[in-house]
Participant: 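Dropping the structure in here first, questions after.
Chain letters run A, B, ... following the sequence lines, proteins first and then strands; every chain starts at 1.
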Amino acid sequence: MNRLMTHEPTVLASRACMGALLVLSLLTTACSNDLTVPNFNNPAREDLTGSPTTQTVSAATQGIISGHRGLKSGLVGRLGVWGREYYDLRPEEPRPYTDALVDPIDPVNGGLYFSGQYTQIAHINTVIAAAEAAEGLAEAERRSIQGFAKTFKADAYWQLIMARPAGVGLPLDPNPDPNGELTPISSEAEVYQFILDLYDEALADLNAGGSSFPFSVPSGLSDFDTPTSFAELNRALKTRALKYLSRWSEVQATLPATFIDAGGDLDAGAYFDYSTISGDATNGLFGDVNRYAHPRVRGDAQMQPGGEIDQRALDKTVPIQTTTIFGITVTERMDVYTSLTAPLPWITNDDLLLMRAEARLATGDRAGAIDDVNAVRTGAGGLEPLPADFSGDLLEEILYNRYMSLLFEGGFHYFDMRQYDKLDDLPRALPDHKVYPGFPYPTNECLARSLGSGDPACATYTGS
Amino acid sequence: MIRPILRTIPVLLLLAAAPLEAQQRQVTGRVMAESGTVLPDVQVQVLGTQQGTLTREDGAFQVQVPQGPAQLRFSFIGYRTQDVSIAADQTSVEVVMPLDVLDLDAIVVTGQVTSVARRNLANAVGQVSADQLNRAPAASFEQQLAGKIAGADIQSNSGAPGGGLQVNLRGVSSIIGNATPLYVVDGVIVNDDAIQGGADVIQSSGGGEGFTSTQDNAANRIADLNPNDIASIEILKGASAAAIYGSKANAGVVIITTKRGTPGAPQFSFTQRFGTFDLSNTLGLRRFETLEEATDAFGPRAADFWSPGAYFDHEEALAGNNPLSYETALSVSGGDENTRYFASGLMKEDGGIITGTGYKKQSLRLNLDQTLGSRVQLRLSMNGVHSETRRGFTNNDNRSVSYWMTLPSTPTFVDLRQRADGTFPDNPFANSNPLETAARADNVEEVWRTIASGDLTIDALQTESHSLRVLVTAGADFYSLTNNVFSPPDLQFEPLDGQAGTTYQADATNLNANITGSLVHSFSPTSGLFEATTSVGVQFEDRELNQIQVLNEDLIPGQSNIDAGTNPGVFQRRTRVKDLGIFAQEELLLLDERALLVAGIRADRSSNNADTEEYFVYPKLAASYRFPELLPGAVDELKLRGAWGESGNQPLFGQKFSNLNSGNIAGLQTLRISTTTAAVDLRPERQREIEFGFDAVVFDSRANVEFTWYQKRIEDLLLERALPPTTGFNDAIFNGGVMVTDGIEVALQAVPIQSNRFQWSSTTTFSRDQSTIEELPVPPFRAGGFGTALGGFQIEEGRSTTQIVGRDTVAVAGDPRCEPDEPCQPGDRILTTIGDANPDFRMGFSNEFRWGALSLYSLFDWQKGGDVVNLTGWLFDLSQNADDYAATCVASTCQSGETLGEWRARVYPSRTSTVWTEDGSYVKLREVTLGIEIPQAMVQNVWSGARYMRINLSGRNLLTWTDYSGMDPEVSNFGAQAVGRNIDVAPYPPSRSFWLSVDIGF
């Protein structure tokens, strides 16, 4: 309540002035206040795109490896179900089952194996540019980083194009400005050529890369921790790309430069590591109780001399209590990755041997093919070697061994069957099960490029 | 009359007896209520001057009045203001004040530091007083607001104890920006964040670690307040009212004022309540009558467990507790002319219907008003709260741990109950036994919180026509919140990830501090022609949140410390925001207090904007005109009002940064470009609101009708645009697009029957709103939900903001819902709008009957429309475990011998969402109270010191009428979401509560 004042006007005025001064001073301190707040939780992108330090570039290069690990792990996912290697059955979440085997796939539910790979490619491009821009790196070190990075980039493109249906192409080299024009789509043939050329470009960089990398690699890549040894990995990945193009003479020409070794450890090769260190990932394929072995792993396994089934089938699956989920009865669970830190294979010796077998078979060297198959059959499967005059379906035998040896490693069986036009031979356990020709682009890409369901890149595939 | 004061309760300065001047005379008198009781603290003003006083404890007063005839105005909260004429020779007067049943004379906040009488108010401001609020006890005062204010949509996210609600004022105000209102308590801006709980570490709904989950069923922090402390709540619903709060006000502002002391001897109020909670709805679980049914659904293994008649109701076993709950509250208020205090304490425990859940709260408050010298007033408010909440394991999960995520795949013929030796059987059909999880795993959140504020009012200048005050308000809201989750290694599901046992501790410390300095000048010339109030001020706010999480797995048996495992994970996230605002407002009351004009402006800077130096300006204009005595007897008063204002919504901390993500691979440091990129000019959203309405007092002040129409146009929406993946980025945050929300609010307050013995007062509210995306510069994108296969939210130009999009089957060729390039034959499936989460309208019906000492009060809340995506029901169906799965199919497309569940599975393939997007209309009986006021004579016979005693029987959420087949149509798996509510995934079931309360005053 206000009341009548009996004080002198000057005192009133001075009080008024004091009050006004108080608020004015608040105002002025306010206006000059600095409201900058740093980004506490992450480093800034400018650290890499501006003028990066060598340590930033090294960390970003090591980041290429961790990114690729995620992509490779993803290849085991849907593609493994497509290849009838395993089932993903979760009573509370049917989508991994229905999306993989029953329902039509379209850009909304089936645009897989796309955005992760392009994110990796964009990251790799940034690292390549950062290696160029960083001060404190010797020229050989720059080239070694770029050769390393380009190898991963080529493999990322390979994953992209393999996941697409035949005839569908891809855009190459994203525009670094996310608001800029989208790069146009290149044809399937152009993409494959780009991949093969990129492997070669990487090799040239590695050859000029000196004797060591300016960054470290985890132990899964310890056989390839110098530019010279990493070149063997580069050649191995190129061989894989050539094999799926059925370019057999080039496969045979490239193989000697890889780490292929018929007498050596079948499991030698390149792996992605996991660890339980805080901030790192563990192998999510370990202990995933929802991934049940397809019955054909044990059911179609050949017999060892001692009466047991193929050792690989025994090692890679473990019996469980019979369960029926969504009408599918399963008796084993996948057990390929046996701990949280079990490494994920990228490409291994047995894969190379079986690719050489395919190439030899296709170019008429049946005896050589049988030798390579036997190296894997006996070493990994504990099976009897094939006789030198084996007259049966050698391709079937090679595909069987690729199925068993590369089980749960990345959907290779699906790729193999598609390469040889054998998708109809894949078993359909229930009448509504399907096999699909590939994955469309994801919906955001289709919308951005205004591609409707009439375009094969964005169509709905009902499978067969 | 405009009172240049801070809060709704007038600041009181008593007049010391001043020597008689030649021009003045003294008038004495007494003020009483209609019932005959005397009224202390009534404000007595001499109209046309700045003089006045307060009545004393016996209702008496004396005041200096100029010579000649004069007018005295008597006002007091809850009573009708009386203007009494005093003749030139009159020196005493007796005044009787009738109750203000319709709250017509309440004072309402209009700016940061100013307020206006309700009769002149130019905006539709929602107001709730203490006794309207506290009808039935609740954990959070938000529950007590539901259904009481037109335009305020208050919904629970689940039935879990301890709060967790969303307050939506006037529909949707943002899409990815902040969607919860600003809360101001006694001048302090307080924190209302919902800090993620810890259940995600064992449920893995969001990834299992880090700050990724919004599906932890977190409770928002405003639940910490003690509802008994609240004196009044004002709700500024849109930009036209809230513009003066600038870039924090898009979703509205809720202004809470706590009780303050009244002069006199200490007066105590004691309340003791006892009550219980009761499960109010279950889903129902399928009974398997034959072995064949059991093995069809659960495979050959079912034969090992099924036996004829075996039926265990897991829902009842899980949520069937009726825990004894209590609330004890004591407050004391008193003081003298210079010092007034209000102190209160609360101890409350709400049991949970699920074992291992519950809510405890203790609160202490001290509010002090101290007069320092003759012109300085200091008000302090201090509140300390401690709460402990256990909300169990519910909502979405990917590990089959959450209770109602496990039940779909668990048949009723399996006995999961605790055995005689204390152990629990494993669940043979799913990864966990929910009864064991509830009993043995722990999920607790403990909060220690202090909210302290002080304001200093200095009367710098006071003359007959001028007054100038300086006000400084400062406050801090600090809390320390700890989440602990412990899941022992021998629980069934724990060993499955190879690391048996999980322990988790997260500490969040938060500080919201703000200071406001303002000048208020009030001028009313002696002619009484008008009254002008000018206010200018500066406000600075600094808020900081630091969250640290430690997770460890593979535990030593029996140990729960975070270092008792082999796989520690450490995570931290910090946010800090600094805001600066300058505001000014002019209020003009003209034409014999019939017209009010308000003009205001606020300029804001914030550290969340890309340019922290730039000021964003938010103006406002409002006007109202009263027609008093328009049609005497019919329309006693009609007020027309209109308002326009702009407010903003800041980007959230971090949205403006483009990051590198750091991590490691086997210990080697990694950096990767983040897949989210931000616009370089990221700025606040802007809302422009216009509002028109009228208020009419009719039928001899027996009823009050309010009508408001509003339209909000929100531009520069913060949007997350999905970038085409070939750019290498997945999304970009930017400003763009236009959203328009409009609606109407109607409220009718009436006292249809008012006699000596019997009174019936009634309030009915009606509101509807709709929100449309008018412009969207990007292709439609998904916002909320699990993707369109299961019914998700999609932001699309020309459509409702809250539309639910999913798949449906084309019924006829040429179905208008088909897109031009889509196949459109009968039987084809198309992606189309299948529902809308926004209701058609909401109505509230509250009625109170008083008959002598008895009173009966009820509040019904009706929501019509508003679709809910019932994923829980879908999961039960997929496992053939829905309770009606085996029922006879009755649809026209049934095949012979087909059951209802089989029909659903055949006709609606699992990817068609329409069958599980259901109408969520409901009518709820939210509050019922039956009360008896023990006659004062009887009370004082027993105890002479007592002033009153009341006994109440109340209930909350007693009945729900709805066609929704899930547990509760009021549900949100993702918590408070602007777009993305109404998704039902295994929530904590709803419960009703019954309470017996005794209130004693002494």
Participant: In terms of heavy-atom pairs under 4.5 Å, which option from T324(A), T119(A), T443(A), T329(A) contacts chain B the most?
Facilitator: T119(A)
Participant: Is any side-chain heavy atom of P725(B) less than 4.5 Å from a side-chain heavy atom of N444(A)?
Facilitator: yes
Participant: Looking at every non-hydrogen atom in both residues, tell me the closest pair between R45(A) and T676(B) and how far apart they are.
Facilitator: NH1-O, 4.4 Å
Participant: How long is the span from the CZ atom in F653(B) to the CG atom in N41(A), to the nearest 0.5 Å?
Facilitator: 5.5 Å
Participant: Counting only non-hydrogen atoms closer than 4.5 Å, does Q55(A) touch chain B with its backbone (N, CA, C, O), its side chain (CB onward), both, or neither?
Facilitator: side chain
Participant: Nearest heavy-atom pair of A666(B) and D273(A): which atoms, and what distance?
Facilitator: CB-CB, 4.0 Å
Participant: Among T727(B), T575(B), T612(B), L660(B), single out the residue with the greatest number of heavy-atom pairs under 4.5 Å to chain A.
Facilitator: L660(B)
Participant: Between the main-chain N or O of A59(A) and the side-chain N or O of Q669(B), is there a donor-acceptor pair closer than 3.5 Å?
Facilitator: no
Participant: Kindly compute the distance separating CZ (R672(B)) from CD1 (I124(A)), expressed to the nearest 0.5 Å.
Facilitator: 8.0 Å
Participant: Which distance, rounded to the nearest 0.5 Å, do you find between the CD1 of I185(A) and the OG1 of T726(B)?
Facilitator: 8.0 Å
Participant: Which one of Q572(B), R576(B), Q880(B) has the most heavy-atom pairs closer than 4.5 Å to chain A?
Facilitator: R576(B)
Participant: With rounding to the nearest 0.5 Å, note down the distance linking CZ in F40(A) to CG in N546(B).
Facilitator: 9.0 Å
Participant: Can you tell me how far apart OG1 (T276(A)) and CD (Q499(B)) are? Round to the nearest 0.5 Å.
Facilitator: 7.0 Å
Participant: Does N39(A) use its side chain to pair, donor to acceptor, with the backbone of N659(B) at less than 3.5 Å?
Facilitator: no
Participant: Among N664(B), I673(B), D296(B), N431(B), which residue forms the greatest number of heavy-atom pairs with chain A at distances under 4.5 Å?
Facilitator: N664(B)
Participant: Tell me which of these, F657(B), F429(B), F540(B), has more heavy-atom pairs under 4.5 Å with chain A than the rest.
Facilitator: F657(B)
Participant: What is the distance from atom CZ of R90(A) to atom CE of M405(B), rounded to the nearest 0.5 Å?
Facilitator: 11.0 Å
